[in-house]
Amino acid sequence: MDSKVFDPASVTVRGGHFIDGRLDLSGTPRDILRPSDGQLCARVPWADEALVGAAVESAHRAFVSSPWATLAPRARAAILRRWADLLELNRVPLARLEALGSTRPVLDVEAKDITVSADCLRFFAEYADKLGGDVAATKSEHFGFTVTQPYGVVAAIAPWNYPLQMACWKVGPALAAGNAVVLKPSELTPLSALALAELAFEAGVPAGIFNVVQGDGATAGRALVSHPLVGKVTFTGSTATGRRILMASSSVQIRPLTLELGGKSAQVVFADAPDISVAASAIANGIFNNAGQVCVAGSRLIVQRSIAEPLIERLASLGRQRTPAPTWDRACTLSPIIHAEQALKIERHVEQARAEGAEAILGGRRLHADGGHYFEPTLLTGVKRDSRIVCEEVFGPVLTVQTFDEEEEALVLANDGDYGLNAGVFTSDLGRAMRCMRRLDVGTVWVNHYTRTPDFNLAIGGFKGSGIGKDLGREAVEQNLQRKSVLMAF
Ligand code: ADP
């Protein structure tokens with residue numbers, strides 16, 4: 001039986017910008033390669049500074065003159081819901097496009113990414129008419145209150161690991177709050193953003209309110225975050241790029257930024273974990289899904305010594321069950337690595353760890369298959385606490401193992417390092433779970449599982465080097481609104 005869900009040659013791919021309600025093909029075309037096999041997948045034009053400027057100006061014009069910001073909030077919500085419905089109606093072609101041009105397996109995109117993206121738009125749509133201001137307690141001859149208003153143009157920069165979902169996390173709250181958006185997807189995964197914008201337009205988002213520009217970070221990204229007409233910046237990507245964006249954006253104008261940056265997240269497992277096989281499967285998914293190319297990847301296992309051996313054995317067995325295959329193949333349970341350089345970078349990290357005495361008890365090598373780059377699910381024991389493999393984000397399917405005896409020791413290890421995105425804790429002791437929850441210096445703690453739930457109520461965002469501000473939750477919409485205080489004397 002042919003294990004292909006679809007033939008990659010059969011997918012119609014269009015690349016381009018979406019500005020003022022129209023496809024725009026200006027700029028020098030660049031080759032976009034399929035991560036699964038390194039074949040050419042599209043030629044996509046890259047915007048220069050002038051085109052980015054035109055996209056921002058179009059968004060600004062639309063913000064000022066179209067009814068988007070002033071539309072009855074429920075009418076705005078209805079358009080966003082229609083957009084979500086269109087995503088689901090186009091589930092199959094959209095999933096193929098996403099799988100073709102990214103590391104996401106097509107069956108996962110169909111079953112999860114599209115649903116999550118559509119539901120995320122619906123979630124934010126519901127906030128359109130639910131966030132108002134407050135009345136202040138003032139002297140009786142005064143009346144004080146607060147009102148909220150959108151920032152105007154929001155510049156959104158998205159990463160390559162979950163292109164569609166990350167775009168919706170950024171664009172959904174900004175539009176629900178009444179802003180206009182210019183989105184720059186990653187230059188590595190530009191395909192689904194254009195489709196997303198076309199569907200938004202079809203759903204009734206006015207021309208110019210959601211623009212997409214394609215291009216690299218150094219030119220298009222930089223021009224976007226430093227444009228003077230931008231009222232707010234929202235970014236997901238590496239900490240190094242986040243720092244550059246913070247500086248470039250702030251050197252032009254003081255304006256808020258949401259920065260969702262890197263992570264080096266701990267999965268802390270106590271001997272009293274309720275079910276070691278449930279814990280093992282959560283931990284394995286937390287590091288092997290999307291081949292570890294996930295900001296919240298749980299890349300540091302911190303396990304109580306007495307259960308280390310059986311847990312490691314289970315993890316190794318789960319790692320061995322992963323099959324590297326192209327994203328359009330139904331067998332794919334180990335995603336390709338985004339490109340050759342990234343696969344090499346992962347390998348260098350592992351090689352250096354080994355040179356420092358670590359042992360790869362599973363994996364540790366790059367794999368090549370039909371032009372694609374893959375990396376074996378990898379478990380490293382004997383790692384040094386201050387080594388690069390333990391301190392730096394690898395963005396690959398590599399799990400380091402550290403052991404502890406006492407709870408305090410586990411917490412100290414978990415809080416090591418510059419990142420603070422999230423952590424997992426596995427224990428059946430409620431008191432311990434609560435103590436760990438309070439002490440972990442991270443933006444999100446998952447207890448006895450390791451992932452977001454499928455709803456969007458809980459915001460996500462890092463402490464320390466993992467970022468500023470929040471995606472998802474009520475906070476994401478609030479952070480796309482500015483609050484004005486009004487005091488009236490009568
Ligand atoms: P990676 O290095 O893994 O590609 P990045 O964090 O550099 O991840 O990229 C995430 C997003 O940030 C991409 O859309 C990229 O084009 C963009 N980007 C990179 N550098 C800059 C920059 N200096 N200014 C604005 N955007 C940038």
Side-chain angles (χ1 to χ4, degrees), residues 15 17 27 30 32-33 35 44-49 51-53 55-56 101-103 154-171 181-194 196 211-227 230 232-253 255 257-264 290-297 299 335-346 349 373 375 392-396 419 421 462 465-468 471:
H17 322 281
R30 303 290 181 129
I32 306 299
L33 305 183
V44 173
W46 281 12
D48 60 10
E49 202 176 328
L51 191 68
V52 171
V56 175
S102 78
T103 62
V154 172
I157 308 263
W160 49 261
N161 55 352
Y162 289 78
L164 200 56
Q165 279 193 55
M166 291 298 105
C168 290
W169 283 24
K170 298 291 182 198
V171 177
V181 178
V182 180
L183 167 72
K184 193 198 81 62
S186 167
E187 59 274 37
L188 302 172
T189 53
L191 306 183
S192 50
L194 175 62
L196 191 66
N211 292 333
V212 171
V213 288
Q214 309 287 2
D216 66 342
T219 303
R222 194 184 161 83
L224 180 55
V225 300
S226 14
H227 197 288
V230 163
K232 180 200 156 97
V233 173
T234 177
F235 165 75
T236 296
S238 64
T239 298
T241 301
R243 189 173 281 123
R244 274 196 288 278
I245 287 178
L246 182 64
M247 293 196 291
S249 172
S250 312
S251 71
V252 175
Q253 210 179 86
R255 52 192 165 196
L257 292 99
T258 298
L259 301 174
E260 214 261 77
L261 308 178
K264 190 71 195 177
N290 209 33
Q293 300 164 113
V294 187
C295 54
V296 296
S299 50
S335 284
I337 302 300
I338 187 73
H339 49 46
E341 265 168 61
Q342 177 63 17
L344 250 178
K345 185 183 145 201
I346 301 170
H349 266 295
H373 302 275
F375 203 91
E392 293 181 17
E393 188 175 40
V394 173
F395 233 60
Y419 293 112
L421 193 52
S466 291
I468 311 172
D471 280 328

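Order of listing sets the numbers, starting from 1, for every ligand and every atom in it. Quick caveat, the model's predicted, so the values are computed rather than measured.
- Polar contact check, I245 against ligand 1: no nitrogen or oxygen pair lies under 3.5 Å apart.
- Of the polar atoms of D216, none of the N or O atoms is found under 3.5 Å from an N or O of ligand 1, judged by distance alone.
- P185 has its side chain within reach of Q214: a pair of non-hydrogen atoms, C-beta onward, lies under 4.5 Å apart.
- Of the protein's heavy atoms, G217 O, 3.9 Å lies nearest to atom 23 (N) of ligand 1.
- Here the protein heavy atom with the shortest distance to atom 25 (C) of ligand 1 is G221 C, 3.2 Å.
- What sits closest to atom 7 (O) of ligand 1 on the protein, heavy atoms only, is T241 OG1, 2.8 Å.
- Y419 is listed as a side-chain neighbour of T239, based on a closest heavy-atom distance under 4.5 Å.
- Within a 4.0 Å radius of atom 9 (O) of ligand 1, the protein contributes no non-hydrogen atoms.
- Those atoms of ligand 1 that come under 4.0 Å of a heavy atom in E187, given as number and element, are 13 (C), 15 (C), 16 (O).
- Using a 4.5 Å cut-off on side-chain heavy atoms (C-beta onward), Y162 and N290 make contact.
- Note: H339 and W160 have tilted aromatic rings, judged against thresholds of 30 and 60 degrees for the angle between ring planes.
- Within ligand 1, counting atoms from 1 as listed, the ones closer than 4.0 Å to a heavy atom of F235 are 6 (O), 10 (C), 11 (C), 12 (O).
- For the residue pair T258 and K232, a side-chain donor N or O sits within less than 3.5 Å of a side-chain acceptor on the partner.
- The protein heavy atom nearest to atom 17 (C) of ligand 1 is I157 CG2, 3.5 Å.
- Interface of R222 with ligand 1, defined as ligand atoms under 4.0 Å from a residue heavy atom, comprises 24 (N), 25 (C).
- For ligand 1, the atoms lying closer than 4.0 Å to a non-hydrogen atom of S238 are 5 (P), 6 (O), 7 (O).
- The closest approach between any non-hydrogen atom of F395 and ligand 1 is not below 4.0 Å.
- Polar contact with ligand 1: present for W160 (N/O pair, distance under 3.5 Å).
- Crowding of E392 atom CD: a count of heavy atoms from other residues, nucleotides or ligands under 6.0 Å exceeding 12.
- Screening R244, H227, R222, R255 for a side chain to side chain donor-acceptor pair (under 3.5 Å) involving S249 leaves a single residue, R255.
- Taking a cut-off of under 4.0 Å to the non-hydrogen atoms of S186, the atoms of ligand 1 that pass are 13 (C), 14 (O).
- Using a 4.0 Å heavy-atom cutoff, P185 is listed among the residues neighbouring ligand 1.
- Put simply, the side chain of V225 does not reach to within 4.5 Å of the side chain of F235, judged on heavy atoms.
- Atoms of ligand 1 found under 4.0 Å from any heavy atom of G237, numbered from 1 in the order shown, are 6 (O).
- Side-chain atoms of T219 and V52, non-hydrogen and from C-beta on, never get closer than 4.5 Å to each other.
- Protein heavy atom nearest atom 13 (C) of ligand 1, with residue, atom name and distance: A158 O, 3.5 Å.
- Between V394 and I346 the shortest side-chain heavy-atom distance falls below 4.5 Å.
- Contacts with ligand 1 closer than 4.0 Å are made by no heavy atom of A248, backbone or side chain.
- A heavy-atom distance below 4.5 Å is not found between the side chains of L51 and W46.
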